[in-house]
Amino acid sequence: MTHRASPETNPTAFPEVAEPLVSRVQETIISWFEAEARELPWRDPNTTAWAVLVSEIMSQQTPVSRVEPRWREWMEAWPTPADLALAPTAEVLHRWDRLGYPRRALRLQEAARVIADDLGNEVPETVEELLELPGIGSYTAAAVASFAHGQRTTVLDTNVRRVLIRVFAGRERPATSPGRRETEWATGFVPEQHHVEWNAGVMEFGALVCTARNPGCADCPLRDVCTWNRLGRPASATKPKTQKWAGTDRQLRGAIMDALKTAHSAEAEPAGISIDLFTTSVTVLDPDTLGSLDESTAAAVARVRELSADDQRISRLISDLVADGLAQEHAGRLDLPRT
DNA sequence: AATTCGGGGTG
DNA sequence: CACCCAGAATT
């Protein structure tokens, strides 16, 4: 058995922490949370488990500030899983708006259908059951079980990972993705009492104080005990390279989806404007076609063309969108899914 | 373990 | 422009 020096395989990467320090940090975080937590709508005591689940899905890789207005609209439109289950998928994608990763909206509706059809319209309470639902992984399952049902789980998101690594391991940032060792290590810090406040509190602390870029160490309530701070806040050697955006398939896919949504809205007008956009096999973007579109749709289509002049590439991405269930052929034209 | 998947706000 | 955001699913 050979040992590599990577954080994941290094036995000291997740060190054992003395109990007095653990208790001190737990108490500090929990009392900080009760004093400083943001008043997010899904933290209201009257919020349903379904509403919590929706907030967690929307918040995956998306800042809370952008989630909040969408979440309010969703809760008004679809207050229970059964409501979302029955909604037209095109409307689901519309109300998802620009939260990003639109497949999350598809998965959420799939999950709603499972809950409505097979689970009595009740959100599961255990991590194991939650993990069975589409779009729910280890983080979301633990978060819903904890925040919606009060279960003692290990919530490990990007904030929690960063706080724990800094305070207890003295490093600036965690590895790319959490492994089993890190999860078990984090589980050791979840207290027997007030574990919901701990889970929510560490997350909130990472979002507001122990931030990725400019952490508020000067006024941090943990500054005297934080290992990273005591070591002089050394920078991590390797920072993962971020993905490009401009010119990528992702950008172009987004523009195509935007065109479909815009066209879908225009088509819903009483006048019934004919939408010649794409077919699944051929791209149709000639000037005559554009001229027949309403202004907003024409602009959205022009944006697609602006991003790429390669019709084969656009056709390939359209095929991918159809395969992913994000688009659908309808009456010979491309449209949002009508199911 | 590495990639892919959106989109926008911020330093 | 680089980085980051309550990650999940696939390869």
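A quick note: this is a predicted structure, and the numbers were derived from the prediction, not measured. Naming convention: chains lettered A, B, ... in sequence-line order (proteins, then strands); numbering from 1 in each chain.
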S.K.: Does this structure show an ion pair linking A:E172 with A:R233, if we count only N-O contacts that are shorter than 4.0 Å?
M.R.: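 So A:E172 does not pair with A:R233 through a salt bridge.
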S.K.: Using atom C1' in both nucleotides, what's the gap between B:dC5 and C:dC4 to the nearest angstrom?
M.R.: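 Roughly 16 Å separates the two C1' atoms.
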S.K.: For the side chain of A:R43, starting at C-beta, report the closest nucleotide among C:dA6, B:dG6, B:dT4.
M.R.: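 For A:R43, the side-chain atoms sit closest to C:dA6.
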S.K.: Need to verify one output field. Residue with the more 5' nearest nucleotide on DNA chain C, A:P134 or A:F147?
M.R.: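 Going by which nucleotide is closer to the 5' end, it is A:F147.
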S.K.: When you get a sec, tell me which of B:dG7, C:dC5, B:dC5 is the closest nucleotide to the side chain of A:R98?
M.R.: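 Minimum distance to the A:R98 side chain belongs to B:dG7.
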S.K.: Under 4.0 Å between any heavy atoms, over every strand shown, what does A:A143 touch: base, sugar-phosphate, or nothing? Just pick one.
M.R.: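 A:A143: no heavy atom of the nucleic acid under 4.0 Å.
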S.K.: Centre of A:F168's six-membered ring, under 6.0 Å away, within 45 degrees of the axis: is that where NZ or CZ of A:R161 sits?
M.R.: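 No, A:R161 and A:F168 do not form such a contact.
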S.K.: Any heavy-atom pair between the side chains of A:V322 and A:L334 that's under 4.5 Å?
M.R.: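 Contact flag for A:L334/A:V322 side chains = yes.
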S.K.: Report the distance from atom CG of A:L108 to atom C1' of C:dG7, rounded to the nearest whole Å.
M.R.: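 Going from A:L108 (CG) to C:dG7 (C1'), I get 14 Å.
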S.K.: Write down the distance between CG (A:N214) and C1' (C:dC5), rounded to a whole number of angstrom.
M.R.: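 Result: 15 Å.
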S.K.: Could you tell me how far apart A:Q251 (CD) and C:dC1 (C1') are, to the nearest whole angstrom?
M.R.: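 Atom-to-atom, A:Q251 to C:dC1, this comes out as 14 Å.
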S.K.: With a 4.0 Å cut-off, would you call A:D97 and A:R66 a salt bridge?
M.R.: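 No salt bridge links A:D97 with A:R66.
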S.K.: Short of 4.0 Å, heavy atom to strand atom, which residues of residues 60-76 of chain A count as contacting DNA chain B?
M.R.: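 Of all residues in residues 60-76 of chain A, the ones placing a heavy atom under 4.0 Å from DNA chain B are A:Q61, A:T62, A:P63, A:R66.
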S.K.: Between A:R253 and B:dG6, does any side-chain N or O lie under 4.0 Å from OP1 or OP2?
M.R.: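 It does, given that an N or O in the side chain of A:R253 lies less than 4.0 Å from OP1 or OP2 of B:dG6.
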S.K.: Which is true for A:T158 with a 4.0 Å heavy-atom rule: it touches a base, it touches only sugar-phosphate, or it touches nothing?
M.R.: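 If one applies the 4.0 Å heavy-atom cut-off, A:T158 turns out to touch the sugar-phosphate alone, with no base involved.
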S.K.: Can you see if the side chain of A:T140 gets near the phosphate of C:dA8 - specifically, an N or O under 4.0 Å from OP1 or OP2?
M.R.: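 So the side-chain polar atoms of A:T140 do come within 4.0 Å of the phosphate oxygens OP1 or OP2 of C:dA8, strictly under.
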S.K.: Say we look at B:dG6 and C:dT10: how far apart would their P atoms be, to the nearest angstrom?
M.R.: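 About 14 Å, rounded to a whole number of Å.
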S.K.: In whole Å, I'd like the distance from the CG atom of A:D320 to the P atom of B:dT3.
M.R.: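 Going from A:D320 (CG) to B:dT3 (P), I get 19 Å.
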S.K.: Tell me what A:G137 touches on the nucleic acid: a base, only sugar-phosphate, or nothing, going by heavy atoms under 4.0 Å.
M.R.: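 Contact class for A:G137: sugar-phosphate only.
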S.K.: Side-chain N or O of A:R162 less than 4.0 angstrom from OP1 or OP2 on C:dC5?
M.R.: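 Indeed, a polar side-chain atom of A:R162 lies that close.
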S.K.: Could you tell me whether A:W96 contacts a base, only the sugar-phosphate backbone, or nothing, with contacts defined as non-hydrogen atoms closer than 4.0 Å?
M.R.: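 Nothing: the residue A:W96, judged by heavy atoms under 4.0 Å, touches no strand.
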S.K.: Which nucleotide, C:dA2, C:dC5, C:dA6, lies nearest any side-chain atom of A:S59?
M.R.: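 The listed nucleotide nearest to A:S59's side chain is C:dA6.
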S.K.: Is the shortest distance from a Lys or Arg side-chain nitrogen in A:E91 or A:R95 to a carboxylate oxygen in the other one below 4.0 Å?
M.R.: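 Yes.
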S.K.: Taking CE from A:M257 and C1' from B:dG8, how many angstroms apart are they, rounded to a whole number?
M.R.: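 In whole Å, B:dG8 C1' and A:M257 CE are 18 Å from each other.
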S.K.: I'd like to know if A:R213 reaches the base of C:dC4 with its side chain, counting only an N/O donor and acceptor under 3.5 Å.
M.R.: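 Per atom types, no contact qualifies.
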S.K.: Look at A:D258 together with A:R98 and state whether they make a salt bridge at an N to O cut-off of under 4.0 Å.
M.R.: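 Salt bridge present between A:D258 and A:R98.
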S.K.: Considering only the P atoms, how many Å lie between C:dA6 and B:dT10, rounded to the nearest integer?
M.R.: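 Their P atoms lie roughly 13 Å apart.
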S.K.: With a sphere of 6.0 Å drawn around CZ of A:R43, does it hold more than 12 non-hydrogen atoms of other residues, nucleotides or ligands?
M.R.: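 Correct, the count exceeds 12.
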S.K.: Look at all strands and tell whether A:S138 reaches a base, only sugar-phosphate, or nothing, counting heavy atoms closer than 4.0 Å.
M.R.: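 Sugar-phosphate contact only - A:S138 comes under 4.0 Å of backbone atoms but never of a base.
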S.K.: Would you kindly give the CG-to-C1' distance between A:D97 and B:dG8, to the nearest whole Å?
M.R.: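 Taking atom C1' of B:dG8 as the reference, CG of A:D97 is at 12 Å.
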S.K.: Would A:Q243 and A:R250 count as having a side-chain donor-acceptor pair, cut-off 3.5 Å?
M.R.: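 Looking only at side-chain atoms, A:R250 and A:Q243 do form a donor-acceptor pair, the distance falling under 3.5 Å.
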S.K.: May I ask you to decide whether A:E76 forms a salt bridge with A:R72, counting only side-chain N to carboxylate O separations under 4.0 Å?
M.R.: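 So A:E76 does not pair with A:R72 through a salt bridge.
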S.K.: Can you measure A:R173 atom CZ to C:dC3 atom P for me and round it to whole angstrom units?
M.R.: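 Going from A:R173 (CZ) to C:dC3 (P), I get 9 Å.
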S.K.: Please report the distance, rounded to the nearest Å, between CG in A:L321 and P in B:dT4.
M.R.: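 Atom CG in A:L321 sits about 17 Å away from atom P in B:dT4.
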S.K.: Could you check A:K244 against A:I136 and say which one's nearest nucleotide on DNA chain C is further toward the 5' end?
M.R.: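 It is A:K244 whose nearest nucleotide is closer to the 5' end.
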